[in-house]
Engineer: 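I'd like to ask some things about the structure below.
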Amino acid sequence: MPSTVRGLEDVVVGATRLSRVDGEAGRLVIGGFPIEELAPAASYEEVLFLLWHDRLPSRSDLAGLREEMAGLRTLSDGTLAALRAAAGARLDPMDALRIGVSTLPLANPELARVELQREPALANRARALAIVAALPVLVAAYHRLCHGREPIAADSRLGHAASFLWLLGGARAHPARVRALETYLNTAIDHGMNASTFAARVIVSTRSDLVSAVTGAVGALKGPLHGGAPGPALDMVVEVRARSRASGRSLDDVAEEWVRTALRDGGRIMGFGHRVYRVRDPRADVLGEALETLAASVGADGILSDGRTVELATLRVLHEHKPGRRIDTNVEFYTALLLHSLGLPPSLFSPTFAVARAGGWTAHLLEQIEEDRLIRPSVAYRGGADRRFVPLERRSEAGAAA
Ligand code: ACO
(Lines give C-alpha, C1' and ligand atoms only; values in the text may rest on other atoms or scores of the structure.)
Protein backbone atom coordinates (compact mmCIF):
# COMPACT_ATOMS: atom_id res chain seq x y z
CA MET A 1 0.00 0.00 0.00
CA PRO A 2 1.42 3.46 -0.83
CA SER A 3 2.33 5.57 2.20
CA THR A 4 -0.47 7.86 3.42
CA VAL A 5 -0.48 10.96 5.63
CA ARG A 6 -3.30 10.94 8.18
CA GLY A 7 -5.11 14.25 8.22
CA LEU A 8 -2.72 15.56 5.52
CA GLU A 9 -0.52 16.77 8.39
CA ASP A 10 2.47 18.79 7.08
CA VAL A 11 1.45 18.10 3.46
CA VAL A 12 1.89 21.23 1.34
CA VAL A 13 -1.12 21.33 -1.00
CA GLY A 14 -0.42 24.60 -2.79
CA ALA A 15 0.96 28.11 -2.49
CA THR A 16 -0.73 31.28 -1.24
CA ARG A 17 0.26 34.90 -0.79
CA LEU A 18 -2.47 35.47 1.81
CA SER A 19 -1.07 34.32 5.15
CA ARG A 20 1.94 32.56 6.56
CA VAL A 21 1.65 30.39 9.65
CA ASP A 22 4.92 29.49 11.38
CA GLY A 23 3.94 26.82 13.85
CA GLU A 24 7.41 26.42 15.38
CA ALA A 25 8.02 30.12 16.02
CA GLY A 26 4.38 30.96 16.80
CA ARG A 27 4.16 33.65 14.13
CA LEU A 28 1.30 34.64 11.85
CA VAL A 29 1.76 37.02 8.94
CA ILE A 30 -1.24 38.33 6.97
CA GLY A 31 -0.45 39.79 3.55
CA GLY A 32 3.11 40.50 4.73
CA PHE A 33 2.15 42.14 8.07
CA PRO A 34 2.69 40.55 11.49
CA ILE A 35 -0.71 39.88 13.05
CA GLU A 36 0.32 41.79 16.21
CA GLU A 37 0.73 44.96 14.15
CA LEU A 38 -2.18 44.60 11.76
CA ALA A 39 -5.06 43.26 13.84
CA PRO A 40 -5.32 45.96 16.54
CA ALA A 41 -4.78 48.87 14.14
CA ALA A 42 -6.64 48.16 10.90
CA SER A 43 -10.32 48.03 10.09
CA TYR A 44 -11.74 44.74 8.78
CA GLU A 45 -12.31 46.36 5.41
CA GLU A 46 -8.63 47.35 5.21
CA VAL A 47 -7.52 43.78 5.85
CA LEU A 48 -10.07 42.44 3.39
CA PHE A 49 -8.75 44.83 0.74
CA LEU A 50 -5.19 43.77 1.61
CA LEU A 51 -6.04 40.10 1.10
CA TRP A 52 -7.84 40.68 -2.17
CA HIS A 53 -5.44 43.23 -3.72
CA ASP A 54 -2.12 42.47 -1.98
CA ARG A 55 -1.74 46.09 -0.84
CA LEU A 56 -3.30 48.38 1.75
CA PRO A 57 -6.14 50.54 0.42
CA SER A 58 -5.88 54.29 -0.14
CA ARG A 59 -8.51 56.52 1.49
CA SER A 60 -10.59 56.50 -1.68
CA ASP A 61 -10.21 52.72 -2.13
CA LEU A 62 -11.48 52.25 1.40
CA ALA A 63 -14.36 54.69 1.04
CA GLY A 64 -15.41 52.90 -2.16
CA LEU A 65 -15.26 49.49 -0.51
CA ARG A 66 -17.25 50.65 2.53
CA GLU A 67 -19.90 52.21 0.32
CA GLU A 68 -20.20 49.10 -1.80
CA MET A 69 -20.52 46.89 1.28
CA ALA A 70 -23.15 49.17 2.82
CA GLY A 71 -25.30 48.68 -0.27
CA LEU A 72 -25.11 44.90 0.12
CA ARG A 73 -26.43 44.56 3.68
CA THR A 74 -29.95 43.43 2.87
CA LEU A 75 -31.61 40.03 2.77
CA SER A 76 -34.23 38.89 0.27
CA ASP A 77 -37.68 37.71 1.34
CA GLY A 78 -36.66 34.19 0.33
CA THR A 79 -33.63 34.25 2.62
CA LEU A 80 -35.66 35.70 5.49
CA ALA A 81 -38.30 33.01 5.02
CA ALA A 82 -35.57 30.33 5.22
CA LEU A 83 -34.18 31.88 8.41
CA ARG A 84 -37.67 32.04 9.93
CA ALA A 85 -38.18 28.35 9.15
CA ALA A 86 -34.79 27.56 10.72
CA ALA A 87 -35.71 29.55 13.85
CA GLY A 88 -39.03 27.68 14.01
CA ALA A 89 -37.11 24.40 13.98
CA ARG A 90 -34.65 25.79 16.58
CA LEU A 91 -31.67 24.97 14.37
CA ASP A 92 -28.13 25.58 15.54
CA PRO A 93 -27.02 29.05 14.34
CA MET A 94 -24.30 27.46 12.18
CA ASP A 95 -26.94 25.33 10.44
CA ALA A 96 -29.05 28.44 9.91
CA LEU A 97 -26.02 30.27 8.54
CA ARG A 98 -25.24 27.41 6.17
CA ILE A 99 -28.85 27.45 4.93
CA GLY A 100 -28.86 31.25 4.75
CA VAL A 101 -25.69 31.42 2.65
CA SER A 102 -27.06 28.86 0.21
CA THR A 103 -30.20 31.01 -0.33
CA LEU A 104 -28.25 34.14 -1.37
CA PRO A 105 -28.65 33.37 -5.11
CA LEU A 106 -32.44 33.73 -4.66
CA ALA A 107 -31.91 37.49 -4.79
CA ASN A 108 -28.84 37.42 -7.00
CA PRO A 109 -28.60 34.34 -9.26
CA GLU A 110 -25.21 35.66 -10.41
CA LEU A 111 -23.79 34.40 -7.10
CA ALA A 112 -24.36 30.80 -8.23
CA ARG A 113 -22.51 31.25 -11.52
CA VAL A 114 -20.01 28.47 -12.28
CA GLU A 115 -16.79 28.49 -14.33
CA LEU A 116 -15.63 31.74 -12.78
CA GLN A 117 -12.28 31.25 -14.52
CA ARG A 118 -13.92 32.71 -17.61
CA GLU A 119 -15.14 35.81 -15.75
CA PRO A 120 -13.27 39.11 -15.23
CA ALA A 121 -11.53 39.30 -11.84
CA LEU A 122 -13.57 42.40 -11.01
CA ALA A 123 -16.85 40.50 -11.45
CA ASN A 124 -15.64 37.66 -9.22
CA ARG A 125 -14.58 40.12 -6.52
CA ALA A 126 -18.05 41.71 -6.68
CA ARG A 127 -19.63 38.28 -6.12
CA ALA A 128 -17.26 37.58 -3.25
CA LEU A 129 -18.04 40.95 -1.66
CA ALA A 130 -21.78 40.25 -1.76
CA ILE A 131 -21.15 37.09 0.28
CA VAL A 132 -18.77 38.72 2.78
CA ALA A 133 -21.21 41.60 3.33
CA ALA A 134 -24.18 39.26 3.75
CA LEU A 135 -22.69 37.01 6.43
CA PRO A 136 -23.10 39.32 9.46
CA VAL A 137 -26.57 40.26 8.26
CA LEU A 138 -27.56 36.58 8.17
CA VAL A 139 -26.05 35.88 11.59
CA ALA A 140 -27.70 38.89 13.23
CA ALA A 141 -31.09 38.31 11.59
CA TYR A 142 -31.14 34.69 12.77
CA HIS A 143 -30.07 35.66 16.28
CA ARG A 144 -32.90 38.18 16.51
CA LEU A 145 -35.48 35.75 15.11
CA CYS A 146 -34.44 33.13 17.67
CA HIS A 147 -35.12 35.66 20.42
CA GLY A 148 -38.53 36.68 19.10
CA ARG A 149 -37.29 39.94 17.56
CA GLU A 150 -37.53 41.06 13.94
CA PRO A 151 -34.32 41.68 11.96
CA ILE A 152 -33.51 45.37 11.61
CA ALA A 153 -32.23 47.40 8.66
CA ALA A 154 -28.52 48.15 8.43
CA ASP A 155 -27.22 51.68 9.06
CA SER A 156 -25.28 52.56 5.91
CA ARG A 157 -22.92 54.90 7.81
CA LEU A 158 -21.38 52.04 9.80
CA GLY A 159 -18.39 49.88 8.92
CA HIS A 160 -18.42 46.09 8.90
CA ALA A 161 -17.75 45.51 12.63
CA ALA A 162 -19.95 48.36 13.93
CA SER A 163 -22.73 47.30 11.58
CA PHE A 164 -22.64 43.74 12.92
CA LEU A 165 -23.11 45.00 16.50
CA TRP A 166 -25.88 47.35 15.34
CA LEU A 167 -27.70 44.56 13.50
CA LEU A 168 -27.49 42.32 16.56
CA GLY A 169 -28.51 44.78 19.25
CA GLY A 170 -30.23 47.66 17.47
CA ALA A 171 -28.02 50.24 19.21
CA ARG A 172 -24.82 52.08 18.33
CA ALA A 173 -21.96 50.23 20.04
CA HIS A 174 -19.29 51.98 22.14
CA PRO A 175 -16.18 52.61 19.97
CA ALA A 176 -14.09 50.45 22.30
CA ARG A 177 -16.42 47.52 21.65
CA VAL A 178 -16.26 48.09 17.91
CA ARG A 179 -12.45 48.19 18.10
CA ALA A 180 -12.32 44.95 20.11
CA LEU A 181 -14.60 43.17 17.63
CA GLU A 182 -12.63 44.56 14.71
CA THR A 183 -9.40 43.24 16.24
CA TYR A 184 -11.01 39.83 16.64
CA LEU A 185 -12.31 39.80 13.05
CA ASN A 186 -8.83 40.72 11.76
CA THR A 187 -7.19 38.08 13.91
CA ALA A 188 -9.46 35.38 12.53
CA ILE A 189 -9.68 36.52 8.90
CA ASP A 190 -7.21 34.03 7.47
CA HIS A 191 -4.98 31.22 8.66
CA GLY A 192 -3.18 29.21 6.03
CA MET A 193 -4.76 26.01 4.74
CA ASN A 194 -7.18 25.49 7.62
CA ALA A 195 -9.92 22.87 7.21
CA SER A 196 -12.77 25.18 6.16
CA THR A 197 -10.58 27.08 3.69
CA PHE A 198 -9.38 23.80 2.20
CA ALA A 199 -12.99 22.60 1.89
CA ALA A 200 -13.93 25.83 0.10
CA ARG A 201 -10.95 25.61 -2.25
CA VAL A 202 -11.75 21.99 -3.13
CA ILE A 203 -15.31 22.96 -4.06
CA VAL A 204 -14.37 25.91 -6.26
CA SER A 205 -11.54 23.90 -7.86
CA THR A 206 -14.26 21.86 -9.60
CA ARG A 207 -15.28 25.17 -11.27
CA SER A 208 -18.31 25.26 -9.00
CA ASP A 209 -19.64 28.58 -7.63
CA LEU A 210 -18.68 30.80 -4.68
CA VAL A 211 -21.91 30.23 -2.74
CA SER A 212 -21.43 26.45 -2.83
CA ALA A 213 -17.84 26.89 -1.65
CA VAL A 214 -18.73 29.18 1.26
CA THR A 215 -21.67 26.95 2.22
CA GLY A 216 -19.24 24.02 2.45
CA ALA A 217 -16.78 26.13 4.44
CA VAL A 218 -19.47 27.02 6.99
CA GLY A 219 -20.18 23.29 7.38
CA ALA A 220 -16.50 22.57 8.01
CA LEU A 221 -16.16 25.42 10.49
CA LYS A 222 -19.07 24.12 12.58
CA GLY A 223 -17.04 21.18 13.91
CA PRO A 224 -15.68 21.39 17.47
CA LEU A 225 -12.14 20.66 16.30
CA HIS A 226 -12.19 23.81 14.18
CA GLY A 227 -14.60 26.70 14.83
CA GLY A 228 -16.80 25.12 17.45
CA ALA A 229 -14.29 25.34 20.30
CA PRO A 230 -14.90 28.75 21.93
CA GLY A 231 -18.38 27.94 23.28
CA PRO A 232 -17.15 24.95 25.30
CA ALA A 233 -14.00 26.92 26.28
CA LEU A 234 -16.16 29.63 27.84
CA ASP A 235 -18.36 26.99 29.51
CA MET A 236 -15.24 25.60 31.17
CA VAL A 237 -14.16 28.98 32.60
CA VAL A 238 -17.68 29.88 33.73
CA GLU A 239 -18.24 26.48 35.33
CA VAL A 240 -14.88 26.49 37.10
CA ARG A 241 -15.57 30.00 38.38
CA ALA A 242 -19.02 29.02 39.68
CA ARG A 243 -17.71 25.90 41.43
CA SER A 244 -14.85 27.84 42.98
CA ARG A 245 -17.22 30.50 44.33
CA ALA A 246 -19.69 27.93 45.63
CA SER A 247 -17.05 25.79 47.36
CA GLY A 248 -14.61 28.47 48.51
CA ARG A 249 -11.77 26.49 46.89
CA SER A 250 -9.21 28.30 44.76
CA LEU A 251 -9.88 28.77 41.05
CA ASP A 252 -6.61 27.01 40.30
CA ASP A 253 -7.61 23.91 42.32
CA VAL A 254 -11.05 23.66 40.78
CA ALA A 255 -9.67 24.18 37.26
CA GLU A 256 -7.09 21.44 37.75
CA GLU A 257 -9.78 19.04 38.96
CA TRP A 258 -12.10 19.99 36.07
CA VAL A 259 -9.41 19.33 33.45
CA ARG A 260 -8.29 16.05 35.04
CA THR A 261 -11.88 14.80 35.07
CA ALA A 262 -12.46 15.84 31.44
CA LEU A 263 -9.27 14.08 30.30
CA ARG A 264 -10.10 10.97 32.34
CA ASP A 265 -13.45 10.85 30.53
CA GLY A 266 -11.57 10.88 27.21
CA GLY A 267 -12.43 14.50 26.40
CA ARG A 268 -10.33 17.16 24.72
CA ILE A 269 -9.91 20.53 26.34
CA MET A 270 -11.29 23.15 23.98
CA GLY A 271 -9.10 26.15 23.28
CA PHE A 272 -5.86 24.15 23.60
CA GLY A 273 -3.70 22.37 21.04
CA HIS A 274 -3.29 23.08 17.35
CA ARG A 275 -2.43 21.14 14.23
CA VAL A 276 0.24 23.67 13.20
CA TYR A 277 1.35 25.60 16.31
CA ARG A 278 3.78 23.78 18.55
CA VAL A 279 4.01 26.88 20.75
CA ARG A 280 1.46 29.42 21.93
CA ASP A 281 -0.88 30.61 19.18
CA PRO A 282 0.14 34.26 18.56
CA ARG A 283 -3.49 35.23 18.09
CA ALA A 284 -4.18 34.35 21.74
CA ASP A 285 -1.92 37.21 22.88
CA VAL A 286 -3.38 39.69 20.38
CA LEU A 287 -6.83 38.93 21.75
CA GLY A 288 -5.62 39.01 25.37
CA GLU A 289 -4.34 42.55 24.78
CA ALA A 290 -7.55 43.56 23.00
CA LEU A 291 -9.46 42.32 26.02
CA GLU A 292 -7.29 44.38 28.40
CA THR A 293 -7.90 47.49 26.28
CA LEU A 294 -11.62 46.81 26.20
CA ALA A 295 -11.78 46.25 29.96
CA ALA A 296 -9.91 49.52 30.57
CA SER A 297 -12.55 51.42 28.56
CA VAL A 298 -15.83 49.79 29.44
CA GLY A 299 -15.05 47.68 32.52
CA ALA A 300 -15.03 43.91 32.78
CA ASP A 301 -16.38 41.14 34.96
CA GLY A 302 -12.97 39.71 35.80
CA ILE A 303 -13.24 37.03 33.13
CA LEU A 304 -9.74 37.81 31.82
CA SER A 305 -7.90 37.24 35.09
CA ASP A 306 -10.05 34.21 35.95
CA GLY A 307 -9.52 32.90 32.42
CA ARG A 308 -5.75 33.28 32.78
CA THR A 309 -5.77 31.27 36.01
CA VAL A 310 -7.83 28.52 34.36
CA GLU A 311 -5.49 28.61 31.33
CA LEU A 312 -2.36 28.09 33.46
CA ALA A 313 -3.93 25.21 35.39
CA THR A 314 -5.07 23.61 32.11
CA LEU A 315 -1.62 23.86 30.54
CA ARG A 316 -0.05 22.31 33.65
CA VAL A 317 -2.38 19.30 33.51
CA LEU A 318 -2.15 18.92 29.71
CA HIS A 319 1.66 18.85 29.86
CA GLU A 320 1.48 16.18 32.53
CA HIS A 321 -1.13 14.26 30.50
CA LYS A 322 0.81 14.38 27.19
CA PRO A 323 4.45 14.90 28.21
CA GLY A 324 5.83 14.42 24.70
CA ARG A 325 3.33 16.75 23.03
CA ARG A 326 3.72 20.48 22.82
CA ILE A 327 0.13 21.51 23.50
CA ASP A 328 -0.43 25.20 24.15
CA THR A 329 -3.24 27.75 24.21
CA ASN A 330 -4.94 28.38 20.87
CA VAL A 331 -6.88 31.38 19.61
CA GLU A 332 -10.25 29.95 20.60
CA PHE A 333 -9.64 30.24 24.33
CA TYR A 334 -9.18 34.02 24.14
CA THR A 335 -11.87 34.31 21.46
CA ALA A 336 -14.29 32.94 24.04
CA LEU A 337 -13.20 35.47 26.68
CA LEU A 338 -13.29 38.40 24.24
CA LEU A 339 -16.63 37.64 22.62
CA HIS A 340 -18.15 37.01 26.06
CA SER A 341 -16.84 40.42 27.20
CA LEU A 342 -18.47 41.98 24.14
CA GLY A 343 -21.78 40.62 25.40
CA LEU A 344 -22.14 37.96 22.71
CA PRO A 345 -23.68 34.66 23.87
CA PRO A 346 -21.82 31.40 23.07
CA SER A 347 -24.38 30.60 20.34
CA LEU A 348 -22.85 33.50 18.37
CA PHE A 349 -19.19 32.50 18.77
CA SER A 350 -18.87 30.14 15.78
CA PRO A 351 -21.07 32.31 13.51
CA THR A 352 -18.90 35.33 14.38
CA PHE A 353 -15.84 33.28 13.46
CA ALA A 354 -17.51 32.63 10.09
CA VAL A 355 -18.15 36.38 9.67
CA ALA A 356 -14.42 36.94 10.17
CA ARG A 357 -13.16 34.02 8.10
CA ALA A 358 -15.40 34.94 5.13
CA GLY A 359 -12.68 37.41 4.08
CA GLY A 360 -10.05 34.66 4.01
CA TRP A 361 -12.35 32.10 2.39
CA THR A 362 -13.19 34.43 -0.48
CA ALA A 363 -9.57 35.55 -0.91
CA HIS A 364 -8.56 31.89 -1.17
CA LEU A 365 -11.40 31.24 -3.61
CA LEU A 366 -10.22 34.09 -5.82
CA GLU A 367 -6.69 32.60 -5.68
CA GLN A 368 -8.02 29.14 -6.50
CA ILE A 369 -10.02 30.46 -9.46
CA GLU A 370 -6.79 31.90 -10.88
CA GLU A 371 -4.94 28.67 -10.13
CA ASP A 372 -7.67 26.70 -11.96
CA ARG A 373 -6.47 23.24 -11.07
CA LEU A 374 -8.88 20.56 -9.86
CA ILE A 375 -7.94 19.41 -6.35
CA ARG A 376 -8.22 15.67 -6.53
CA PRO A 377 -5.76 13.68 -4.38
CA SER A 378 -5.38 9.90 -4.35
CA VAL A 379 -6.32 7.41 -1.70
CA ALA A 380 -4.90 4.00 -0.84
CA TYR A 381 -7.44 1.16 -1.12
CA ARG A 382 -7.72 -1.11 1.92
CA GLY A 383 -10.96 -2.93 1.17
CA GLY A 384 -11.62 -6.52 0.16
CA ALA A 385 -10.35 -8.18 -3.01
CA ASP A 386 -11.42 -10.90 -5.46
CA ARG A 387 -14.96 -11.18 -4.11
CA ARG A 388 -17.57 -12.99 -6.22
CA PHE A 389 -20.95 -11.35 -6.72
CA VAL A 390 -23.90 -13.52 -5.56
CA PRO A 391 -27.32 -12.37 -6.89
CA LEU A 392 -29.69 -11.16 -4.18
CA GLU A 393 -32.12 -14.12 -4.53
CA ARG A 394 -29.31 -16.60 -3.85
CA ARG A 395 -27.66 -14.57 -1.08
CA SER A 396 -28.16 -15.89 2.47
CA GLU A 397 -28.25 -13.50 5.49
CA ALA A 398 -24.98 -15.00 6.73
CA GLY A 399 -23.46 -14.75 3.25
CA ALA A 400 -24.43 -11.06 3.00
CA ALA A 401 -22.88 -10.33 6.39
CA ALA A 402 -19.68 -12.06 5.35
N1 ACO B 1 -7.07 18.27 24.89
C2 ACO B 1 -6.70 17.01 25.16
N3 ACO B 1 -5.84 16.31 24.39
C4 ACO B 1 -5.34 16.94 23.32
C5 ACO B 1 -5.69 18.25 22.99
C6 ACO B 1 -6.60 18.92 23.82
N7 ACO B 1 -7.00 20.16 23.57
N8 ACO B 1 -5.04 18.61 21.87
C9 ACO B 1 -4.32 17.55 21.50
N10 ACO B 1 -4.51 16.54 22.36
C11 ACO B 1 -3.95 15.20 22.30
C12 ACO B 1 -4.81 14.38 21.35
O13 ACO B 1 -5.85 13.71 22.01
C14 ACO B 1 -3.80 13.43 20.77
O15 ACO B 1 -3.59 12.38 21.67
P16 ACO B 1 -3.38 10.85 21.14
O17 ACO B 1 -2.14 10.91 20.29
O18 ACO B 1 -3.25 10.06 22.38
O19 ACO B 1 -4.62 10.55 20.32
C20 ACO B 1 -2.55 14.24 20.71
O21 ACO B 1 -2.65 15.23 21.73
C22 ACO B 1 -2.45 14.86 19.32
O23 ACO B 1 -1.91 16.07 19.38
P24 ACO B 1 -1.69 16.93 18.06
O25 ACO B 1 -1.16 16.05 16.96
O26 ACO B 1 -0.95 18.14 18.43
O27 ACO B 1 -3.14 17.43 17.73
P28 ACO B 1 -3.97 17.25 16.40
O29 ACO B 1 -3.26 17.88 15.28
O30 ACO B 1 -4.41 15.83 16.23
O31 ACO B 1 -5.25 18.10 16.78
C32 ACO B 1 -6.58 19.84 17.45
C33 ACO B 1 -5.26 19.49 16.82
C34 ACO B 1 -7.71 19.14 16.70
C35 ACO B 1 -6.82 21.36 17.35
C36 ACO B 1 -6.54 19.39 18.93
O37 ACO B 1 -5.50 20.03 19.60
C38 ACO B 1 -7.85 19.61 19.63
O39 ACO B 1 -8.76 18.80 19.51
N40 ACO B 1 -7.97 20.74 20.41
C41 ACO B 1 -9.22 21.06 21.05
C42 ACO B 1 -10.19 21.71 20.05
C43 ACO B 1 -9.80 23.12 19.72
O44 ACO B 1 -9.42 23.92 20.57
N45 ACO B 1 -9.97 23.45 18.42
C46 ACO B 1 -9.67 24.78 17.89
C47 ACO B 1 -8.41 24.76 17.12
S48 ACO B 1 -7.94 26.39 16.61
C49 ACO B 1 -8.91 26.70 15.24
O50 ACO B 1 -9.42 25.86 14.56
C51 ACO B 1 -9.14 28.12 14.88
Side-chain angles (χ1 to χ4, degrees), residues 4-11 18-19 21-24 26 28 30 35 39 94 183-200 217-237 240 255-288 307 310-339 346 349-361 364:
T4 61
V5 181
R6 277 186 76 222
L8 296 183
E9 188 166 353
D10 294 331
V11 173
L18 301 172
S19 60
V21 185
D22 183 340
E24 282 298 326
L28 170 60
I30 303 276
I35 193 68
M94 287 299 275
T183 301
Y184 167 68
L185 296 178
N186 292 343
T187 305
I189 194 167
D190 192 46
H191 201 246
M193 194 52 77
N194 59 88
S196 56
T197 296
F198 187 51
V218 172
L221 190 70
K222 179 185 169 190
L225 298 190
H226 190 7
L234 182 71
D235 289 346
M236 168 170 80
V237 177
V240 165
E256 184 171 327
E257 182 185 80
W258 194 100
V259 175
R260 283 190 197 288
T261 307
L263 292 174
R264 207 168 35 239
D265 294 346
R268 289 191 178 202
I269 312 302
M270 297 293 135
F272 296 85
H274 199 275
R275 175 55 63 84
V276 181
Y277 292 118
R278 291 292 157 235
V279 293
R280 193 175 167 80
D281 184 331
R283 300 168 296 177
D285 288 331
V286 172
L287 295 186
V310 173
E311 178 191 8
L312 290 177
T314 305
L315 288 172
R316 205 169 59 232
V317 180
L318 277 173
H319 292 160
E320 206 182 287
H321 174 71
K322 287 266 163 213
R325 275 274 159 198
R326 289 188 281 158
I327 300 177
D328 216 316
T329 314
N330 70 44
V331 65
E332 302 291 43
F333 188 76
Y334 279 89
T335 295
L337 303 183
L338 183 77
L339 296 185
F349 290 0
S350 301
T352 304
F353 189 177
V355 166
R357 187 53 61 85
W361 287 336
H364 274 273

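All ligand and atom numbering here is 1-based and tracks the order in the structure. Please read these numbers as outputs of a predicted model, since none were measured by experiment.
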Engineer: Go through the structure and list residues passing side chain to side chain donor-acceptor pair (under 3.5 Å) with Asp285, not counting sequence neighbours.
Structural biologist: Arg280
Engineer: Sort and list the pairs that fulfil salt bridge (charged side-chain N to carboxylate O under 4.0 Å, His left out) and have at least one residue in residues 326-336, not counting sequence neighbours.
Structural biologist: Glu24-Arg326
Engineer: So do the side chains of Phe272 and Glu311 get within less than 4.5 Å of each other, counting heavy atoms only?
Structural biologist: yes
Engineer: Write down, by chain and number, every protein residue that brings a non-hydrogen atom to less than 4.0 Å from an atom of ligand 1.
Structural biologist: Pro224, Leu225, His226, Ala229, Leu263, Arg268, Ile269, Met270, Gly271, Phe272, Gly273, His274, Arg275, Arg278, Leu318, Lys322, Arg325, Ile327, Asn330, Val331, Glu332, Phe353
Engineer: Between Thr197 (side chain only) and Met193 (backbone N and O only), is there a donor and an acceptor less than 3.5 Å apart?
Structural biologist: no
Engineer: Is there any side-chain hydrogen bond (donor to acceptor under 3.5 Å, both in side chains) pair reaching into residues 264-277, and which pairs are they, with sequence neighbours excluded?
Structural biologist: His191-Tyr277
Engineer: Check whether Arg283 reaches the backbone of Asn330 with its side chain - one donor and one acceptor, N or O, closer than 3.5 Å.
Structural biologist: no
